[in-house]
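Report on the following structure.
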Amino acid sequence: MKKEFEKKQLVKKSENFSQWYIDVILKSGLADYAPVKGCQVIKPYGYGLWENIQRVLDEKFKEKGIKNAYFPLFIPEKFLKREKEHIKGFSPELAVVTIGGGEELKEKLVVRPTSETIIYEMYAKWIKSWRDLPLLINQWCNVVRWEMRPRLFLRTTEFLWQEAHTVHQTEEEALEMVKWALENYVNVYQDFFAIDGISGQKSESEKFPGAKTTQTFEILMPDGKALQGCTSHDLGQNFAQAFNLKFLDKDGKEKMPYQTCFGLSTRCLGALIMVHGDDQGLILPPKLAPIQIVIIPILPAQNLIQKAKELKNVLKEFRVEIDFTKEHSIGWKFNEWEIKGVPLRIELGQKELKEKKATLARRDTGQKISISLESLENEVKEILEAIQKNLLERSRKFLKENTKDVSDYRDFKEIMKKEKGFIKAFWCQNPKCEAKIKEETKATVRVLPFDAPEEKGKCIYCQETAEKKWIFGQAY
RNA sequence: CGGGGCGUGGUGUAACGGUAACAUGCACGGUUCGGGACCGUGAGAUUCUCUGGGUUCGAAUCCCAGCGCCCCGACCA
C-alpha cells in the first residue's frame with residue numbers, strides 16, 4: 001500500500017533534479033516521449049502553455065509592424081552553403097532528405113534547422129527599392145536539429161519556435177531592432193514567465209554562426225546550470241552579401257541592406273518548468289497557465305456543482321476549470337492539480353457554502369485562505385497577481401544569490417565543481433582562455449551584461465589586462 | 001561517439017531452464033469523498049516476453065549478433 005503510494009510521487013527536486021524534471025513533465029501531462037529518439041509529443045496541456053506564449057509574443061510583434069508568413073520546411077542544400085560560418089555551424093546537426101517520391105534527389109534537401117537561407121533567397125527577389133524596407137517578417141514553425149543528446153523541451157530533435165527576419169536600410173535601424181527584440185523577450189520573460197536573468201552580448205565563439213553579434217537572455221536553472229532563453233542577432237551584411245540583397249536608395253544608388261533575426265523556442269518551457277517547480281510538481285505563473293484556477297467541489301453534490309458553475313461565471317475573466325470528476329478522492333484531486341501547477345485552487349464544500357465563503361489555496365506558497373464569496377473576484381485577481389509577483393521575486397533572489405563575483409581562478413574552479421551558478425569575472429576576450437576555462441571547469445562565457453561597467457582588471461585565467469567582467473556558467 | 005541501465009498487458013514490476021504472475025491503470029456496477037478511499041465483476045500479453053540466430057526434450061530465463069529507448073558524458077545558434 002505504502003509502496004504504491006510512493007511510486008506515484010515525484011522524485012524530489014532537491015534529490016535528483018534531472019529525474020524530477022522528467023517526472024514532472026510526464027506526470028503533469030505537458031509532454032510525452034515520441035517513438036522516435038529525441039522527439040516528443042507536446043500534449044494539450046503543454047501546448048496550451050505554448051499557445052499563451054505565442055499569443056503574447058505575436059501581439060507584441062504585430063504592434064511593432066512585424067507580420068507573419070510561412071516559408072518551406074525544405075531548403076536546397078546549396079542555399080545553406082552560401083554563408084560559410086552558417087553552414088559550418090549547422091552541418092553537424094542537419095537532417096537531409098535524399099529520396100523523394102521514390103527517387104534519389106539530384107539536389108539534396110535539408111530539413112530546416114533555421115530558415116535564414118531560404119527566407120533571404122526570397123527576400124533578394126522581393127527587395128528592389130528603399131520603399132520595400134524595412135521588411136519585417138516572422139514565422140512560427142518547427143525546425144529540426146539532429147542533436148546527440150536530447151532532453152525534453154530543452155533540446156529535442158524537432159522543436160517549435162518563432163523566427164523573425166528583418167531587413168533595414170541602415171545599420172542604426174537594424175541595431176535598434178536587435179535591441180528592441182531582446183528587450184521585448186526580456187520583458188516577456190520577466191512579466192509573463194516570472195523569470196529573471198542576465199541580458200547582454202555573446203562572445204565570438206558563442207554567437208550565432210553567420211551573425212555579427214548575438215544578444216541573449218541567460219537564465220540560471222536551480223541546479224546551477226545556465227540556459228539561453230532567446231536570441232537576437234545583428235546579421236550585419238553577412239547574409240545580404242551571400243544572398244545578394246540590394247536595394248536602390250533614395251539617392252539613386254544601389255546599396256546593401258542590414259539584417260537582423262531573433263527567435264524564441266519551446267525550450268523556454270524547459271526553463272519555466274525548472275525555475276518554478278517544486279517537490280509537488282509544476283508551478284505555473286498565472287499569466288501563462290492554461291488553467292489559472294481550478295474549482296474543486298469537495299463532494300459531487302448537486303448544490304456544490306451548481307455553486308462551482310456560478311463561481312466560474314463570476315470569474316469569467318480568468319481561465320477556470322471545474323473538477324467534476326467523481327472517481328477520485330479529494331486528496332487525489334488536490335495532488336493532481338498541484339502536479340499540474342495550477343496557480344490557484346478553490347475548494348468548495350458544504351462548510352464553505354454555509355458560511356458563504358470559499359477556501360483558496362495558493363500553489364506557490366501552499367497557503368490556504370478563507371474568502372467571502374462576495375469579494376471573490378477581487379481577491380482572486382489580487383492573489384493571482386501576488387503569485388505572479390512572488391514567483392518573479394523568487395527567481396530574482398535565486399539569480400542574485402547564485403551570481404558570484406570571482407577574481408581568483410581557484411575559487412572559480414571550486415564553485416564550478418560544487419554549487420555552480422553564474423560567475424562574474426574579468427576576461428581578456430582571448431578565445432584561448434575561454435577554451436581553457438571550458439576544458440578545466442566545463443563553464444563557458446555565457447554573456448557580457450549590458451550594464452557591465454568599464455573597469456580595469458586582470459583576466460581570471462591568464463592575468464592579462466581585461467576591461468569587462470563577463471558572466472560564466474555551465475550551459476544546458 | 002564513449003560509459004551505464006533497460007527492453008514482459010497502457011504503466012511499474014515478477015517468474016529456478018518446466019509452459020507468463022502481481023500491482024496499478026482501464027471498463028461496468030455499487031459504497032465513499034475536508035490531503036493520493038474501497039468492494040465486486042470484467043477486458044487487456046495471445047502466431048506469448050524487442051528482432052534474428054544458437055544451445056536444449058523444453059528458453060522470458062543461458063549464449064551470440066543486431067535493433068531500440070532512457071540516463072550520464074563528449075557535442076550543441
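None of the values given here were measured: they were computed from a predicted structure. Convention: sequence-line order gives letters A, B, ...; per-chain numbering from 1.
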Rounded to whole Å, how long is the line connecting atom [atom1] of [X] with atom [atom2] of [N]?
X: A:Asp323; N: B:G36; atom1: CG; atom2: C1'; value: 13 Å
X: A:Trp332; N: B:G35; atom1: CH2; atom2: P; value: 16 Å
X: A:Asp279; N: B:G35; atom1: CG; atom2: C1'; value: 16 Å
X: A:Gln367; N: B:G35; atom1: CD; atom2: C1'; value: 17 Å
X: A:Leu353; N: B:G34; atom1: CG; atom2: C1'; value: 14 Å

Legend entry - Contact under 4.0 Å: A:Ser329 side-chain N or O vs B:C33 OP1/OP2: no
Is it the case that [X] and [Y] place a side-chain donor and acceptor less than 3.5 Å from each other?
X: A:Gln139; Y: A:Ser115; answer: yes
X: A:Tyr258; Y: A:Asn238; answer: no
X: A:Glu434; Y: A:Thr444; answer: no
X: A:Gln350; Y: A:Asn303; answer: yes

If the [atom1] atom of [N] is compared with that of [M], how far apart are they to the nearest Å?
N: B:G25; M: B:U11; atom1: P; answer: 15 Å
N: B:A23; M: B:A43; atom1: P; answer: 15 Å
N: B:U8; M: B:A15; atom1: C1'; answer: 10 Å
N: B:G68; M: B:G36; atom1: C1'; answer: 34 Å
N: B:U49; M: B:U19; atom1: P; answer: 15 Å
N: B:C39; M: B:U46; atom1: C1'; answer: 30 Å
N: B:U32; M: B:A37; atom1: P; answer: 16 Å
N: B:C62; M: B:G9; atom1: C1'; answer: 26 Å

Do the rings of [X] and [Y] sit parallel, tilted or perpendicular, given the 30° and 60° boundaries?
X: A:Phe17; Y: A:Trp20; result: parallel
X: A:Tyr120; Y: A:Phe239; result: perpendicular
X: A:Phe412; Y: A:Phe472; result: perpendicular

Across the strands shown, which category fits [X] at heavy-atom distances under 4.0 angstrom: base, sugar-phosphate, nothing?
X: A:Glu116; result: nothing
X: A:Glu338; result: base
X: A:His328; result: base
X: A:Lys326; result: base

Inset, instruction - Classify the side chain of A:Gln280 and the base of B:G35 as holding, or not holding, a donor-acceptor pair under 3.5 Å. - result: no
Legend entry - Donor-acceptor pair present, A:Lys333 side chain and B:G34 base, under 3.5 Å: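 Side chain to base: no pair present.
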Inset, instruction - Can you sort out the partners of A:Glu116 under side chain to side chain donor-acceptor pair (under 3.5 Å), two or more places apart, ordered by chain and number? - result: A:Thr114
Inset, instruction - Would you please name every residue forming a side chain to side chain donor-acceptor pair (under 3.5 Å) with A:Glu218, sequence neighbours left out? - result: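 For A:Glu218 the side chain to side chain donor-acceptor pair (under 3.5 Å) partners, ignoring immediate neighbours, are A:Lys202, A:Arg446.
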Legend entry - Watson-Crick or G-U stems of RNA chain B, 3 or more pairs, under 3.5 Å, by first number: B:1-7 with B:67-73, B:10-13 with B:21-24, B:26-31 with B:37-42, B:50-54 with B:62-66
Legend entry - Residues forming a salt bridge (charged side-chain N to carboxylate O under 4.0 Å, His left out) with A:Arg345, sequence neighbours excluded: A:Glu338, A:Glu347
Inset, instruction - Starting at the 5' end of nucleotides 70-77 of chain B, put B wherever the base has a protein heavy atom under 4.0 Å, S where only the sugar-phosphate does, and a dash everywhere else. - result: SSBBBBBB
Legend entry - Side chains of A:Ile42 and A:Leu160 in contact at under 4.5 Å (non-hydrogen atoms):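 Answer yes - side chains close enough.
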Inset, instruction - Begin with the C-alpha distance, continue with both residues' side-chain angles, and end with the deciding distance and a verdict on ring-ring contact (aromatic ring centres under 6.0 Å, His included) for A:His233 and A:Phe262. - result: CA-CA 6 Å; A:His233 312 290; A:Phe262 41 95; 9.1 Å; no
Legend entry - Nearest-0.5 Å distance, CZ of residue A:Phe217 to OH of residue A:Tyr189: 8.0 Å
Inset, instruction - Scan residues 291-307 of chain A against RNA chain B and write down, sorted by residue number, each residue with any heavy atom closer than 4.0 Å; if none is found, say none. - result: A:Ile298, A:Leu299, A:Pro300
